[in-house]
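Computed over heavy atoms, backbone and side chain alike; hydrogens, waters and symmetry mates excluded. In the text below, chain A, chain B and the rest are named by the order of the sequence lines, each starting its count at 1. Please read these numbers as outputs of a predicted model, since none were measured by experiment.
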Amino acid sequence: MKGGQALIKSLIDKGADTVFGYPGGQLLPLYDMIYDSDLKHILVRHEQCAAHAADGYARASGKVGVCIATSGPGATNLVTGIATAYMDSSPVLSIAGQVPTHLIGNDAFQEVDMIGITMPITKHNFQVMDANEIPAIVNSSFEIALSGRPGPIVIDLPKDIQEQELEEYRNELLDIPGYKPTKKGHGLQIKRAAQTIIKSKKPVILAGGGVISAGASSELKQLAEIINAPVTTSLLGKSSFPEDHPASMGMLGMHGRKVANISVDESDCLIAIGCRFSDRTTGKIDEFAPNATIIHIDVDPAEIGKNVEVDVPIVGDAKVVLQSMIKMLKKDTSGLDTLKWIEHVKKFNKNCIPRISFENDHPLKPQQVMKELAQALDEDTIMTTDVGQNQMWMAHFFNTTKPRTFISSGGLGTMGFGFPAAMGAKVAMPENDVVAVCGDGGFLMVCQDLATVKEYDIPVVVCVLDNRYLGMVAQWQKLFYDERMSHTHLGEVPDFVKLAESFGVRAERVEKVGETQQAMKDALKSGEPTLLDIIIDPDEILPMVPPGCGLTEIVGEYKVEREIPGDIRYKTPGKAQEGGD
Amino acid sequence: MPTKMEKSTEKNHIISALVEHKPGVLQRVAGLFTRRGFNIESITVGESEIPGLARMTIIAHGDQQVLEQITKQLNKLLDVIKVRDLEVDSTVKRELCLIKVHAPTEKVRSEIIQYANIFRGRIIDVSSEALTIEITGDSDKIDALTDLLKGFGIKELARTGPTAMSRGAKTI
């Protein structure tokens, strides 16, 4: 057996049914072996899409997503996708071709130091210098990618190693004494947390992406219901808690919902689970949850105390920790006095439900589009987003109820993520409908992969929210840069319908109320990949917390379904502070 | 377990780490320090008592929170097996320094040799123009000697940076 064959065998043995890739000179031996193998390979049209598709595959299924690219430019094209996966703790395995071992370091044709480049954006990376190690490296890569805090892995595979004959295929793991992720939380710490919660009057739960990767959604719901705590999420935590639940406050942060931002401000006990307190979530750190005792559950010890000072740290897997915490809490809840709080928040919450019906507006309001999408889609539909206004609109106006049904690039904020991630998600979960909601700017960065969804018949629906602007940047220019719209208008081309049709992809333009819903239903019924070019109002602006301000200093108001009562305190809306970004 | 951290003053910390002895590990560690914006004064690395493992001594600057982050981030690297922050008071710390001093005359040479002897340094090379001194000790001692020798003209100086170990039977 040769190195390349050993790679293919170990990938298949680890359950990687599909890989996304793009061949090249230094991968010719491997691709020649893929030709005869059972490995399902999807040829993307740009390596970045291979990485994003593998990421979407991983986030939708909870399995490792695999992508392959050749050495040099192929590998560097993966880098954005790898960094995206790293920031959002997604288990992506990237296999990069490399020049033959005797040429490494010579600046050979299409040589790049992929190990050096990806060191800061991977959980770990390997350069294979002996084909006999391939099975162990692949097996360990899967283990590392999925265990503890998940993350991306890179395997750098020189051309000659692909052809090297193995002495023996040994199905083993690498010995890595430096890797022992903590799963079970410290008993005493969990007890301290439980006591703190019982004593609190105004608990709030902040759920992050860690809840989803740990599969702890049902535990989260139980905890919230036992202690009467309202739940807010980070962007990546969206879908960890059913957003139709009366205790759901939606997203927290810079673009957070008012009820979430203000409740965290008022809370006396913040239970943060699997989140890393990103600056987009906390706002000005000195003013974050000023009255709260903070309990932080995270599988990565380095996240605890990194951004926010924590009172009760618990290192462990969210599911395991929550299970033992719930057990403790269930024994005795007699001291709990939180009913008044949850009733107050629920009332406030009802008055913060954003208005999504805009039936008389033309051009279409994004809220109306979201509403119609929700009407056309079921709760098992996997939604992916791009980055910018489209992402925040989705976060606010589109409710999700089941984990792994909302996939978005949170940490790195990668434009162009939504469409290829949807492609990967659909491949992983063919039974679920998959819809990408993108902006026109982000979609254009990856539109070439319309060829992939057509050729492989991957029936995703891409909604291009078309306002001809880089909406989020334009919004900041309007709010903070005196409306000097420097290079954010995208002009009048392309015609997205014609663009899609040139790839043989079904396409439709949507301009009127009611059409989104119908077009989406038709798209799903067709069973074909479809692009919907949805023309929306370019002037729609999101309320936000200016950079450098505290979470309660919200600028702008969402139009809500009902009016907010007068007993909620507000600070004066802030201005962007120096150095904020 | 640390609780809400007191804002402590910044100081130098001695971090001892047991790491895999293989290519790329130093790059991973050094890269981590750059990327996270940690201030690093020196790193020394060499074989340890365990075959296949190397011991790194890192001198880093920062407050208690920075130190905690450094330790945790180092622990996250798969090639790092153990990390310990060494207590300054109960740690022996040594540094090696080679100093080439301008010494054109017999008189100057004997003067330099006397200084070297006082500091328990050794002369490891002599020529008509220069003397090379080897000195081992903590950083203050080396600073003191180099200050003295500056007057003669230091032609070249190479310091290893400190390596360190806990006193007593304690190991990491």
Side-chain angles (χ1 to χ4, degrees), chain A residues 86 104-105 113 115-127 129 140-141 143-145 147-149 151 153 156 174-182 185-190 192-193 196 292-296 298-315, chain B residues 1-8 15-38 40 45 48-56 60 62-85 171-172:
Chain A
Y86 181 73
I104 290 177
D113 173 18
I115 293 295
I117 287 173
T118 59
M119 244 175 220
I121 53 167
T122 50
K123 191 166 171 187
H124 199 63
N125 55 21
F126 299 95
Q127 186 167 54
M129 297 305 273
S140 292
S141 293
E143 292 294 320
I144 297 164
S147 58
R149 177 180 185 172
I153 308 285
D156 197 44
L174 296 172
D175 175 32
I176 309 173
Y179 184 67
K180 294 183 232 62
T182 311
H186 194 284
L188 271 177
Q189 290 295 103
I190 299 176
R192 268 185 65 201
T196 310
T293 305
I294 299 179
I295 298 165
H296 189 188
D298 205 291
V299 74
D300 179 0
E303 283 308 335
I304 289 173
K306 189 182 84 177
N307 295 344
V308 166
E309 293 181 3
V310 174
D311 300 279
V312 188
I314 303 171
V315 178
Chain B
M1 274 290 176
T3 55
K4 223 165 219 180
M5 280 159 293
E6 302 286 322
K7 282 265 177 279
S8 61
I15 297 157
S16 180
L18 203 58
V19 303
E20 301 268 3
H21 199 186
K22 60 185 187 196
V25 178
L26 185 60
Q27 192 188 350
R28 285 183 203 277
V29 171
L32 176 72
F33 275 75
T34 320
R35 181 163 73 90
R36 296 275 175 192
F38 300 142
I40 190 166
V45 57
S48 73
E49 73 283 3
I50 306 160
L53 300 187
R55 194 174 296 281
M56 260 183 204
D63 61 18
Q64 197 56 34
Q65 201 223 342
V66 168
L67 173 74
E68 194 180 309
Q69 265 298 305
I70 292 175
T71 315
K72 285 174 167 176
Q73 294 292 349
L74 278 174
N75 262 319
K76 264 175 84 167
L77 296 177
L78 268 68
D79 290 331
V80 173
I81 290 150
K82 258 186 197 175
V83 182
R84 178 75 46 85
D85 171 36
T171 59
I172 81 151

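Only the side chain of A/Ile144 comes within contact range of chain B, with heavy atoms under 4.5 Å apart. Heavy atoms of B/Leu53 lying under 4.5 Å from chain A are absent altogether. Contacts between B/Gln69 and chain A at a heavy-atom distance below 4.5 Å involve the side chain alone, from C-beta outward.
In terms of heavy-atom pairs under 4.5 angstrom with chain B, the leader among A/Leu188, A/Asp300, A/Ile115 is A/Asp300. Among A/Gly148, A/Pro181, A/Pro120, A/Gly116, the residue making the largest number of heavy-atom pairs under 4.5 Å with chain B is A/Pro120.
Counting heavy atoms from C-beta outward, B/Arg28 and A/Asn125 have side chains that approach closer than 4.5 Å. When side chains are defined from C-beta on, B/Lys76 counts as touching A/Arg149, because their heavy atoms get closer than 4.5 Å. Side chains of A/Pro177 and B/Glu20 form a contact here, defined as non-hydrogen atoms less than 4.5 Å apart. For the pair A/Met119 and B/Leu32, the minimum side-chain heavy-atom distance is 4.5 Å or more.
Taking all atoms of both residues into account, the shortest heavy-atom contact from B/Lys72 to A/Ile304 is NZ-O, 2.7 Å.
Put simply, CG on B/Leu78 and CD1 on A/Ile153 are 7.5 Å apart, with the number rounded to the nearest 0.5 Å.
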